Every structure is written in C-alpha cells, then in structure tokens.
There are 2 protein chains.
Amino acid sequence: MAKKVKNNKRQLILDEAAKLFKAKGFGGTSMRDLGAQVGMEAASMYNHINSKDEILEIICFHVSDTYISQLAQIEQTQASYVDKIKALIHLHIRLMIEDGAAVSVANNDWKYLTADKLEAFKQARKNYEKGFAALIEQGIAAGELQPVNTSVALFTILSAVRWVELWYRPGRGITAEELEENIMTLLLNGLAK
Amino acid sequence: MAKKVKNNKRQLILDEAAKLFKAKGFGGTSMRDLGAQVGMEAASMYNHINSKDEILEIICFHVSDTYISQLAQIEQTQASYVDKIKALIHLHIRLMIEDGAAVSVANNDWKYLTADKLEAFKQARKNYEKGFAALIEQGIAAGELQPVNTSVALFTILSAVRWVELWYRPGRGITAEELEENIMTLLLNGLAK
DNA sequence: CCTACCGATCGGTAGG
DNA sequence: CCTACCGATCGGTAGG
C-alpha cells in the first residue's frame with residue numbers, strides 16, 4: 001500500500017517532468033520548477049527519485065524500449081513491406097498523440113543523458129533505425145517501393161511524423177485519423193498529381 | 001579599422017555560439033564555455049555583445065529574415081506552383097547545409113527568446129508558414145497538387161527538410177544534389193510504386 | 001515531506 | 001581584454 005502511493009508520486013514526478021522538459025528543455029527546468037508543478041519541495045522529490053539525470057534516463061529509455069519492442073512485433077507479421085511501413089508510421093503518430101511529452105523529450109533532450117546512458121541510448125536508436133531501414137530496403141528489392149536512397153527515405157519518414165506533436169491539437173479542425181490518412185498519402189503517394 | 005576588428009570578433013562569437021547552442025542547447029551553454037571556444041574570458045565578450053539573450057536573438061532573426069525575404073522573391077516569380085514549392089524545398093535544404101548551426105538554433109532554441117522578441121519571432125514564423133501554405137493551397141486549386149490537407153502538407157514538408165542537419169554529412173555516401181533529388185522525389189511522388 | 005543549508009556555477013559588472 | 005567579484009540560482013544532502 002505504501003509502495004503503491006510511492007509509485008504514484010514517482011509516476012506523477014516523471015509525467016510532470018516530461019511536460020516541463022518538453023516546454024523548457026532539460027537544462028531550462030529546475031528541480032524547484034518541477035517541485036512546484038508536482039506540489040512538493042524540490043528536496044522532497046529525492047525520496048521518490050535519485051537524481052534529475054535519472055528522470056531524463058527513465059523517460060528516454062521508456063520511449064526507446066517502446067519503439068524497439070513494437071518494431072520487433074511488426075517485423076514478425078506476414079504483411080507486405082508497404083503495410084509494415086504503414087504500421088510503423090501509424091505507431092509513431094499514435095505515440096506522438098498519446099505520449100507526446102515523453103516522445104519529445106526522447107527526441108530532443110536525449111543528448112543530456114550522462115555518458116554511459118548516452119551511449120546506450122544512441123545504440124538503441126541506431127538499432128531501431130537499422131531495422132526500419134531494412135524494411136524499406138526489402139520493400140524496394142521486392143518492387144513495392146520506388147528505388148530511392150534508403151537513408152533519405154528513412155529520415156524523411158521519421159522527420160515527417162516527428163513534428164505532429166508541435167502543431168497537432170486534437171479538436172482543432174482535424175481528427176487523429178484524418179491526420180494519419182493525410183500523412184500516409186503524402187509519404188506514400190506524394191504531393192504532386 | 002578598429003570597427004572592422006570588432007565586427008570580426010563579434011561575428012566569431014555569434015558563429016561559435018550557434019555551434020555550441022546547437023550542440024548543447026542555449027541553457028546548456030555558459031558564457032564561459034563560449035569564451036573558451038572563442039579564445040577570450042567570458043567577461044571580455046561583453047565588449048562585443050550586450051548579453052547572452054542578444055546572441056540568441058541575432059541568430060534567430062537572421063535565420064527568419066532570410067526565409068522571409070527568399071519566400072517573397074519566390075512568390076514573385078512566374079513559375080508553376082509545383083516549381084515554387086520545389087524552390088522553397090531547395091532553399092530549406094541549402095540553408096541547412098550552408099548554415100546548419102544557425103538554422104538548428106532558430107528551430108530549437110527560439111523558445112528561450114525573451115518575451116517581446118519571442119512574440120516577434122513567433123509572428124514572423126507564422127507569416128512565413130502562411131505564405132508557404134498559400135502556395136500549396138493555390139497549387140491544389142490549380143489542379144497541380146493532390147487535394148491533401150494544406151497544414152499537413154506544409155508541416156510534413158517543413159519537417160522532412162528540417163532534419164537534414166542531424167544526419168547529413170557531406171562526403172558520406174551521398175552528395176547535396178543527390179540528397180535534394182531524393183527528398184524532392186519522396187515529397188512530390190511518394191515512396192510507393 | 002519540510003527546513004536549512006552546502007559548494008558550484010551562472011550571467012553580468014566594476015575597474016583598470 | 002583581464003582580474004576580481006556580485007547576487008542569484010542550481011542539484012543535492014543532512015537531519016528531523
């Protein structure tokens with residue numbers, strides 16, 4: 001029971017930290033800012049977390065773990081390469097909408113991870129990118145996709161979904177489904193007629 | 001003569017600041033870090049610039065001014081809408097390659113501008129986006145482009161070119177021209193066959 | 001979970 | 001352009 005309460009507070013700290021890090025950056029967010037948001041003195045939060053660095057760590061690896069496990073699942077399906085890539089785009093958009101603050105932090109503030117965690121994170125991201133790129137490459141080889149440069153295609157896709165968080169606001173003219181449909185059309189069929 | 005030297009130092013400070021802000025963020029870069037990079041004590045730099053905030057200001061508005069004046073030029077040409085949009089994509093990629101540090105700072109650290117400059121910057125960006133969106137809208141109306149959501153198309157394009165800076169390294173497998181060709185193909189014709 | 005406080009570092013100024 | 005320094009704020013600890 002005490003454990004439950006402790007975990008709730010801990011999760012609250014992590015959630016509020018993700019929002020603040022997204023809004024003001026890791027360096028721009030002080031433990032006193034975070035305490036004010038959580039409703040606690042800065043010093044008190046150290047009963048729930050070990051350090052400011054640890055907060056960033058937990059957020060970043062939570063996100064990268066999610067992407068990596070989902071990629072593994074998608075790789076195992078029997079779908080076409082086009083559909084596998086669509087599933088990955090869908091995953092990115094969905095995570096952006098559902099857990100945008102954490103995803104933003106993992107995208108922008110990962111560089112402030114401490115040395116060893118930084119290496120681990122970069123490696124995890126590289127592995128994810130390699131897996132994604134392999135699907136594109138195989139899709140081209142299978143004749144499903146245009147013969148573009150694989151890296152360019154990979155990063156164009158990753159970038160295109162990345163900024164959903166910055167300008168998409170639910171209930172402002174376009175639904176999540178319409179958003180996804182439009183992005184899919186653009187990436188797969190292009191803007192020109 | 002004395003003025004010339006002063007301006008050179010000032011420009012050096014601005015250039016090194018852009019690199020450091022890009023690498024470590026505005027908040028993560030101290031005036032002492034910057035001084036070390038420039039070859040000066042932190043205090044000495046205040047003979048060339050007024051404040052750390054001013055450095056960020058100059059970098060951000062230099063970039064937004066460039067985009068806005070180039071957009072105005074492109075708008076006045078007689079080219080088709082597709083070609084105008086291609087010209088804008090070309091502009092973004094070229095600026096990313098030529099002045100990537102400053103562009104990155106304007107993209108990521110603008111939020112640390114002081115209140116009034118922040119408003120001005122957001123307004124400038126909004127104006128640019130409106131002008132870009134208008135070209136897409138007119139291109140759709142003219143039947144040159146697919147009838148996708150204009151905002152989605154705009155931000156997908158802006159995002160897709162934005163991350164060139166993060167992964168493109170000259171001389172590593174692909175030239176700037178090939179990069180541009182590939183991005184154009186993807187955005188205009190799509191990935192699917 | 002709070003008060004009180006630590007050493008370090010910050011942006012910036014004074015004075016030369 | 002440097003030395004010396006300011007008040008403020010930082011992440012974190014001690015002790016209760």
Side-chain angles (χ1 to χ4, degrees), chain A residues 1-21 23-60 105 109-118, chain B residues 1-21 23-60 105 109-118:
Chain A
M1 211 47 160
K3 189 73 187 302
K4 183 78 177 300
V5 168
K6 187 177 168 189
N7 281 340
N8 282 344
K9 280 285 180 196
R10 182 182 153 99
Q11 196 54 52
L12 178 63
I13 290 168
L14 294 172
D15 289 345
E16 295 301 324
K19 289 187 215 165
L20 284 178
F21 290 172
K24 315 204 283 177
F26 179 71
T29 302
S30 73
M31 291 302 282
R32 286 156 180 84
D33 290 337
L34 180 54
Q37 205 65 30
V38 171
M40 221 183 256
E41 289 302 315
S44 303
M45 289 187 293
Y46 289 86
N47 289 302
H48 301 288
I49 49 98
N50 291 315
S51 66
K52 190 185 178 192
D53 287 332
E54 189 199 45
I55 295 176
L56 179 63
E57 225 171 276
I58 295 170
I59 294 172
C60 288
V105 172
D109 288 338
W110 58 269
K111 57 182 169 241
Y112 305 114
L113 287 166
T114 51
D116 57 328
K117 301 294 175 177
L118 179 62
Chain B
M1 212 48 159
K3 189 73 189 298
K4 183 80 178 296
V5 169
K6 188 179 169 188
N7 281 339
N8 282 344
K9 279 286 181 196
R10 182 183 154 97
Q11 196 54 53
L12 177 63
I13 290 169
L14 294 171
D15 289 346
E16 294 301 324
K19 287 187 216 164
L20 283 179
F21 290 172
K24 315 202 286 176
F26 178 71
T29 303
S30 72
M31 292 301 283
R32 285 155 180 84
D33 290 338
L34 179 53
Q37 206 64 30
V38 171
M40 222 183 257
E41 289 303 313
S44 304
M45 289 187 293
Y46 288 86
N47 290 302
H48 302 288
I49 50 101
N50 291 315
S51 67
K52 190 186 177 190
D53 287 332
E54 190 198 46
I55 296 176
L56 179 63
E57 227 170 275
I58 295 171
I59 294 171
C60 288
V105 171
D109 287 339
W110 58 269
K111 57 183 171 241
Y112 305 115
L113 287 166
T114 51
D116 57 327
K117 301 293 175 180
L118 179 63

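As the structure is a computational prediction, the values presented were derived from the model and not from experiment.
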Rounding to a whole Å, what distance do you find between A:I49:CD1 and D:dG11:P?
10 Å

Can you tell me how far P of D:dC1 sits from CG of B:L12, to the nearest Å?
10 Å

Between B:F21 and B:V105, which heavy-atom pair has the shortest distance, and what is it?
CB-CG2, 3.6 Å

Could you state the atom-to-atom distance from CG of B:N50 to P of C:dG11 in whole Å?
16 Å

Take atom OH of A:Y46 and atom C1' of C:dC2, then tell me their distance rounded to the nearest Å.
15 Å

Could you check how far CG of A:L20 sits from P of D:dG11, rounded to whole Å?
12 Å

Rounded to the nearest 0.5 angstrom, the CG-CD1 distance for A:L56 and A:I49 is 12.0 Å

Tabulated below should be each protein N or O lying under 3.5 Å from an N or O of nucleotides 7-10 of chain D; please produce it.
unit_1: D:dC10; atom_1: OP1; unit_2: A:S30; atom_2: OG; d: 3.4

In whole Å, what is the span from the CE atom of B:M45 to the C1' atom of D:dC2?
13 Å

Where do A:C60 and A:W110 come nearest, in terms of heavy atoms and distance?
SG-CA, 3.9 Å

If you define the side chain from C-beta out and look only at heavy atoms, does anything of A:I58 sit under 4.5 Å from A:R10?
yes

If you look only at distance, which donor and acceptor atoms sit under 3.5 Å apart when one is on a side chain in residues 26-38 of chain B and the other is two or more places apart or in another chain?
unit_1: B:T29; atom_1: OG1; unit_2: B:L20; atom_2: O; d: 3.3
unit_1: B:T29; atom_1: OG1; unit_2: B:G25; atom_2: O; d: 2.8
unit_1: B:S30; atom_1: OG; unit_2: B:R32; atom_2: N; d: 3.3
unit_1: B:S30; atom_1: OG; unit_2: B:D33; atom_2: N; d: 3.0
unit_1: B:S30; atom_1: OG; unit_2: B:D33; atom_2: OD1; d: 3.4
unit_1: B:S30; atom_1: OG; unit_2: B:D33; atom_2: OD2; d: 3.3
unit_1: B:D33; atom_1: OD2; unit_2: B:K24; atom_2: NZ; d: 3.1
unit_1: B:D33; atom_1: OD2; unit_2: B:S30; atom_2: N; d: 3.1

Distance, nearest 0.5 Å, that separates CD1 of A:I55 from CE of A:M45:
6.5 Å

Restricting to salt bridge (charged side-chain N to carboxylate O under 4.0 Å, His left out), what partner residues turn up for A:K52, sequence neighbours left out?
none

Can you tell me how far the NE2 atom of B:H48 sits from the CG atom of B:L14, to the nearest 0.5 Å?
11.0 Å

Find the runs of at least 3 consecutive base pairs, i with j, i+1 with j-1 and so on, that include DNA chain D, using Watson-Crick or G-U wobble geometry with both distances under 3.5 Å.
C:1-16 with D:1-16

Quick check on contacts: within residues 35-44 of chain B, what sits under 4.0 Å from DNA chain C by heavy-atom distance?
B:A43

For B:L12, does its backbone N or O pair with a side-chain atom of B:D15 as donor and acceptor, under 3.5 Å?
no

Just the rounded figure in Å: distance from P of D:dG11 to CG of A:L34.
9 Å

According to side-chain contact (heavy atoms from CB on, under 4.5 Å), who are the partners of A:T114, at least two apart in sequence or on a separate chain?
A:D53, A:E57, A:D116, A:K117

Contacts of A:E54 meeting side chain to side chain donor-acceptor pair (under 3.5 Å) (sequence neighbours excluded), chain-then-number -> A:N50

